[in-house]
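Contents: one structure, followed by commentary.
Lettering follows sequence order; numbering is per chain, from 1.
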Amino acid sequence: MELKTIENLAKLARIHINDETLAETAKSITEVLALVGQLQAADTDNIQPMAHPLDAVQRLREDVVTETDQHASFQAIAPATENNLYLVPKVIG
Amino acid sequence: MEWETVIGLEVHVQLATKTKIFSAASTAFGAEANTQACAIDLAMPGTLPVANKQAFHYAVMFGLAIDAEIGKRSVFERKNYFYPDLPKGYQTTQLALPIVGPGHIDIELDGGEQKRVRIHHAHLEEDAGKSLHENFQGMSGIDLNRAGTPLIEVVSEPDMRSSEEAVAFARKLHSIVTSIGICDGAMSQGSMRFDVNISVRPKGQEKLGTRTETKNLNSYRFMEACIAQEVARQIDCLEKGEEIRQETRLYDGDTHKAKPMRSKEEANDYRYFPCPDLLPVVIDDDFIAAARAALPELLDARSARFESDYGLSAYDAGILCTDHPTANFFEATAKSCDDAKLSANWLMGDVSAKLNAEEKKLADSPISPEQLGGLIARIKDNTITTKIAKQVFEFMWAGEGDADAIIESKGLKPTGSGDLEKMVDEIIANNAKQVANYQAADESKRPKMLGFFVGQVMKASKGQANPQQLNQLLKAKLDG
């Protein structure tokens, strides 16, 4: 696994990997990929991918409002709010 | 070089459910920020989604309306990306097994030509919240009321060749989802949002050019402007020998310009995988039958019925079937006066002109279908002329009552037959020379000469004589 790929993956996953741990991480992931390689050797032709480990079907809910406004309790544990809004670091400059 | 434009659309349609797709929080528009975002919508730890039956019902109705295959087994997947208005860090959506499979939508182009646009599929997914970028202590504000609102994303094949076709498709899709009642169609509130995929290629070339995607269009006007700009930009690039970069562009409704948002190289790898919190959804035949039963007559079918049942032209039927309220108004009018052709003419003519002039919708018409039918009935039974009917129509529009009452109170009743005969006699007596000329003239020249007498009587009756009656009377008297 190339270091550049690891850096890109880290960026997409919003994980900080510093230069010291980069090589170590690359090594670990390469080992995991070897395991994946082993799994991929299995013949899966004509086998439908599994969507869920349980052989069950989703129950559907009736379209009725039962949730009540709880924003006060939710916002009490938010780092910052204003005018009912949750505040986050600026996303567009 | 001659270039061909190739357009495909991805349309997000908000479903008119009362609750979110995975929680029982309300979806009503316009509530105070975050008062309709529950623990599930906020992705609080330990919560689990429960899928909304009505969202599937609506999605299946849409599938049936566009003649699509229904995905009897559909699977939700997680589309992973980070943005503050997506609290879970992934959007729950469908990918490999969507609820609606391939279908098609027929659009009408200028000149009456029809074109079939293929639908690749439509899938169910959740909407994100809204980010407000005004300055809140140097931060962005997040309103999660919209988070979890059910959407179907309708993905077309790249079958459109101009902005006109793209807009015609968008309008048709809007008409379908609103007429079957699965979306309120309020574009200004974001109920329908368009992403446009655009590429150009030399005319005659099979291979598609590199495409760009412009997101965030919520009006037909923006869509038209955006396509024109993007096509010009791409052709300009190619003619200068440059390559088109595959990228996502964001349209800004304030500046009317699209800016690159991200290129393919920086594109997110969404790392889709089946959502372990949701089981596959299996739709049975009864569920599909119930959705089919809930479908109203589709506008295309209604238009075809108007042609066969009422003998209307395809053009007229198409206009009257722009939406169900117009078609309903027409049918109610035609029923009350028993004249489909006149009903169609009055609705598309005088009523529509009045509505346009006053920037009103048909729903705001001060005249009911029954009132319009009442007016047409008086034209049909020759009580009034079309000319007089237009005056009556004005009074009716101003709220002065039904046609019969107006004809009576305004003295618009045509000259009675006794009065008319007296007038005809008078005109004949006072124009001996013209009468002599007429009677001496050849049979073939008489109809034209009759016009003189008709004009005189009309003048005397102040335009209220019934022309048919007058013609008969004059001919009888003059031809002897």
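Side-chain atoms of Tyr86(A) and Asp143(B), non-hydrogen and from C-beta on, never get closer than 4.5 Å to each other. You'll find the side chain of Gln58(A) stays beyond 4.5 Å of the side chain of Phe76(B), heavy atoms only. The closest side-chain heavy-atom distance from Thr19(B) to Val65(A) is below 4.5 Å. Two residues are said to be in side-chain contact when any heavy atoms from C-beta on lie closer than 4.5 Å; Gln48(A) and Arg73(B) meet this criterion.
The most heavy-atom pairs under 4.5 Å with chain A, out of Gln36(B), Lys20(B), Lys53(B), come from Lys53(B). With respect to chain A, the highest number of heavy-atom pairs below 4.5 Å among Ser23(B), Ala25(B), Ala55(B) belongs to Ser23(B). Per-residue heavy-atom pair counts under 4.5 Å with chain A were compared for Ala37(B), Gly129(B), Ser131(B), Ala39(B), and the maximum is reached by Ala39(B). Note on Val50(B), Leu97(B), Val75(B), Asp85(B): by heavy-atom pairs under 4.5 Å with chain A, the leading option is Val50(B). Options Met50(A), Glu62(A), Glu67(A) differ in how many heavy-atom pairs under 4.5 Å they form with chain B, and the most are formed by Glu67(A).
In this structure, Leu278(B) and His52(A) approach most closely via the heavy-atom pair O-CD2, 3.7 Å. What you find for Asn52(B) and Arg61(A) is that their closest heavy atoms are CB-NH2, 3.3 Å. Residues Asn34(B) and His71(A) share a closest heavy-atom pair of O-CB, 3.3 Å. The shortest heavy-atom contact between Ala56(A) and Pro280(B) is O-CD, 3.8 Å. The two residues Val64(A) and Ala24(B) make their nearest non-hydrogen contact at O-CB, 3.6 Å. Residue Leu87(A) comes nearest to Gly141(B) through the heavy atom pair CD2-CA, 3.8 Å, listed as atom of the first residue, atom of the second, then distance.
Counting heavy-atom neighbours within 6.0 Å of Glu32(B) CD, excluding the residue itself, gives a total of 12 or less. Taking a 6.0 Å sphere around CG of Asp45(A), one finds it holds more than 12 heavy atoms contributed by other residues, nucleotides or ligands. The number of heavy atoms from other shown groups lying within 6.0 Å of CG (Asn18(A)) is above 12. The environment of Glu31(A) atom CD is dense: over 12 non-hydrogen atoms of other residues, nucleotides or ligands sit within 6.0 angstrom.
Residue Thr35(B) holds its OG1 atom at 11.5 Å from CD of Gln70(A), rounded to the nearest 0.5 Å. Separation of atoms CG (Leu60(A)) and NE2 (His57(B)) is listed at 12.5 Å; rounding is to 0.5 Å.
With respect to Leu85(A), the side chain to side chain contact (heavy atoms under 4.5 Å, CB included) criterion is satisfied by exactly one of Leu144(B), Ile142(B), Leu132(B): Leu132(B).
For a residue to count as touching a neighbouring chain, one of its non-hydrogen atoms must lie under 4.5 Å from one of that chain's; by this rule Val282(B) touches chain A with backbone and side chain alike. Neither the backbone nor the side chain of Ile283(B) comes within contact range of chain A; no heavy atoms are under 4.5 Å apart. Only the side chain of Phe56(B) has a heavy atom closer than 4.5 Å to any heavy atom of chain A. For chain A, the nearby parts of Ala51(B) are the backbone and the side chain; heavy atoms of each come within less than 4.5 Å. Contacts between Ala96(B) and chain A at a heavy-atom distance below 4.5 Å are absent for every atom of the residue.
Side-chain contact, Thr17(B) with Asp63(A): no donor N or O sits under 3.5 Å from an acceptor N or O.
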Practice prompt. Take Leu279(B) and Leu54(A) through the side-chain contact (heavy atoms from CB on, under 4.5 Å) test and state the conclusion after the steps.
Written response: CA-CA 8 Å; Leu279(B) 292 157; Leu54(A) 298 180; 4.2 Å; yes

